[in-house]
Amino acid sequence: MSGPTGAHRSRFIGYAFALCAGFFWGTTGPLSTALYAEGAELTDVGFWRILLSTLGLAAYGLLRRDLYRVDGRGLIVVGLLGGLLVAVFELAFQFAIAGIGVAGAVALLYTAPVLVTFLARPLLGERITPARIVTAAVVMVGVALTVTGHVDPGAADTEGARGAGFAAGILGGLLAATSYSGSTLLARFAVPRYGAVKVLFLELAGGTAILGAFLPMTGHTPTPASTLAGWVYIVALGIGAVLAANFFFFAGVRRIDAAPASVAASIEPVVGAILALLLFDQRLTPLGWLGLAMVVGGVAGGYSREAADQAAAPPVPAGS
C-alpha cells in the first residue's frame, strides 16, 4: 500500500498546526490565573504579554525587513485603531478571567463570531442567513449555560477575583468579545493589503503603546513581575499564547482553508476549561459543560457550514 499523498500529508499537517494554535490560545486563561496568584495586577498582565510579543515580532522583523514597511494609512488604521482594539481586549479579557473564571471568559469571547455575523451586514454587506441565525442562537444559549454553570471554590483566594467581581467579569467578557469582533472586521480590510504578520505586529505595537500611555494616567503603572515564576508565565503568555498560537494558525491556513482551520482551533475553550479544572479547581456543573460543548459545536459547525456553502456556490465570472 502506498503512503499518504503529498496533498493528504499537507492537509494533516495543516490540521495539526491549527490544533496547536487552539491549544496555545487555550493557555491564556490558566496562565493569567497563575499570574494573579503571583500577585500580578489585572492591568499588568495584558500589558506585559503584548509588550513581549511586540519585541518578539520586532526581532523577527530583523530577518524580514518588509515587516517595517507600511504606509501612513496602515499606521493609522491598523496601528492606531487596531492597537486600540487590542488594548481594550487585553484589559477586558483579564477582568473576565478573574471575575467569571477561565471557561466563562472564553465562552463569552466566542460570542465574537456572532457579533461579526450581524456587524458584517451593515459594514461589509454580507448576508445574514438562517444558518447563521441558528449558530448565533446555539452559541448564545451555550454561553449562558457556561457562565451560570461556573463553580470556582478558590476564586476568593486570589486578589484578582476579589477585585473584579462577577458583574465586572461579565462586562469584561462582553467588551473583550466586542473588541475582538472589531479586530476580525478590521483584519478583513487590512490583511489582504498588508499581510497577516504585519497586521499582527502593528496591532500589538499600537496596543502596547496605548496601554503604556493610558495605564500610568489612571494610576496603574505596569509593574514587572516580582518572581521568577511570574516571568515564566509572562513569557509563556507572550511567546506561546500570542506569537506561537498565531504563527501556528498562519501555518495551518497555508495548508488548509481558513474555515476548517478555525474549526480545529475551536478546541481553545476546551483546553482552557480542562487546564483550569486540573490546575485551579475551576469546575463547571453538568449544564456548564453542556453549554461549553454548545459554544464549541456552534462555532465549529458555523465555520463548517460556511465552507460548504462557499464550495457549493457557483464561480463568479471573471470581470464581474
Side-chain angles (χ1 to χ4, degrees), residues 19 21-34 36 42 89-118 132-156 158 160-161 164-181 184 241 245 262-305:
L19 287 169
F23 172 82
F24 278 107
W25 276 322
T27 63
T28 301
L31 287 170
S32 297
T33 303
Y36 308 153
L42 298 182
F89 172 83
E90 290 297 332
L91 291 182
F93 195 48
Q94 295 303 323
F95 277 92
I97 293 168
I100 58 177
V102 173
V106 180
L108 269 175
L109 183 60
Y110 267 56
T111 62
V114 176
L115 294 174
V116 170
T117 294
F118 291 101
R132 290 181 175 183
I133 295 175
V134 171
T135 297
V138 171
V139 170
M140 296 305 291
V141 171
V143 167
L145 290 175
T146 304
V147 172
T148 57
H150 169 237
V151 180
D152 181 11
T158 64
F166 187 81
I170 295 290
L171 180 60
L174 292 173
L175 191 56
T178 302
S179 59
Y180 188 81
S181 302
T184 301
S262 298
V263 171
S266 295
I267 66 165
E268 174 190 357
V270 178
V271 170
I274 292 176
L275 289 177
L277 171 65
L278 296 177
L279 299 177
F280 308 108
D281 197 29
Q282 291 188 6
R283 293 177 281 115
L284 292 173
T285 64
L287 283 178
W289 285 108
L290 173 62
L292 190 63
M294 291 176 67
V295 171
V296 175
V299 172
Y303 285 134
S304 298
R305 175 60 66 89

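In this chain, residues are counted from 1 in sequence order. Since we're looking at a predicted model, the values are computed, not measured.
Checking side-chain atoms of Thr146 against main-chain N and O of Leu292 turns up a donor-acceptor pair under 3.5 Å.
Closest approach of Ala96 to Gly172, counting heavy atoms only: CB-C, 3.9 Å. Phe24 and Ala245 make their closest contact through CB-CB, 3.8 Å (heavy atoms, listed as atom of the first residue, atom of the second, distance). The minimum heavy-atom distance linking Pro30 with Gly272 is given by the pair CG-O, 3.9 Å. Summarising the geometry of Gly142 relative to Val295, their closest heavy-atom pair is C-CG2, 3.5 Å, with the distance given to 0.1 Å. Nearest heavy atoms, Pro269 versus Ser266: CD-O, 3.2 Å. The heavy-atom pair separating Thr28 from Ala241 by the smallest distance is OG1-CB, 3.4 Å.
Counting only heavy atoms from C-beta outward, the side chains of Phe166 and Val147 approach each other to under 4.5 Å. Considering only heavy atoms from C-beta on, Phe280 stays 4.5 Å or farther from Val102 through its side chain.
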### Task
Walk me through it: do Phe23 and Leu19 pass the test side-chain contact (heavy atoms from CB on, under 4.5 Å)?
CA-CA 6 Å; Phe23 172 82; Leu19 287 169; over 6 Å; no
Before giving the answer on side-chain contact (heavy atoms from CB on, under 4.5 Å), spell out for Leu175 and Phe95 the whole-Å C-alpha distance, their side-chain angles and the decisive distance to 0.1 Å.
-> CA-CA 10 Å; Leu175 191 56; Phe95 277 92; over 6 Å; no
Checklist line | Step-by-step side-chain contact (heavy atoms from CB on, under 4.5 Å) determination, Glu268 to Val271 | finding: CA-CA 5 Å; Glu268 174 190 357; Val271 170; 5.9 Å; no
Practice task
Begin with the C-alpha distance, continue with both residues' side-chain angles, and end with the deciding distance and a verdict on side-chain contact (heavy atoms from CB on, under 4.5 Å) for Phe93 and Leu42.
Solution key: CA-CA 9 Å; Phe93 195 48; Leu42 298 182; over 6 Å; no
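In summary, of the residues considered (Val106, Leu109, Thr111), a side chain to side chain contact (heavy atoms under 4.5 Å, CB included) with Val143 occurs for Thr111 alone.
One distance of note links CE of Met294 with CH2 of Trp289; it measures 16.0 Å at 0.5 Å rounding. The CG atom of Leu108 lies 10.0 Å from the OG1 atom of Thr178; values are rounded to the nearest 0.5 Å.
Heavy atoms of other residues, nucleotides or ligands lying less than 6.0 angstrom from OH of Tyr110 number more than 12.
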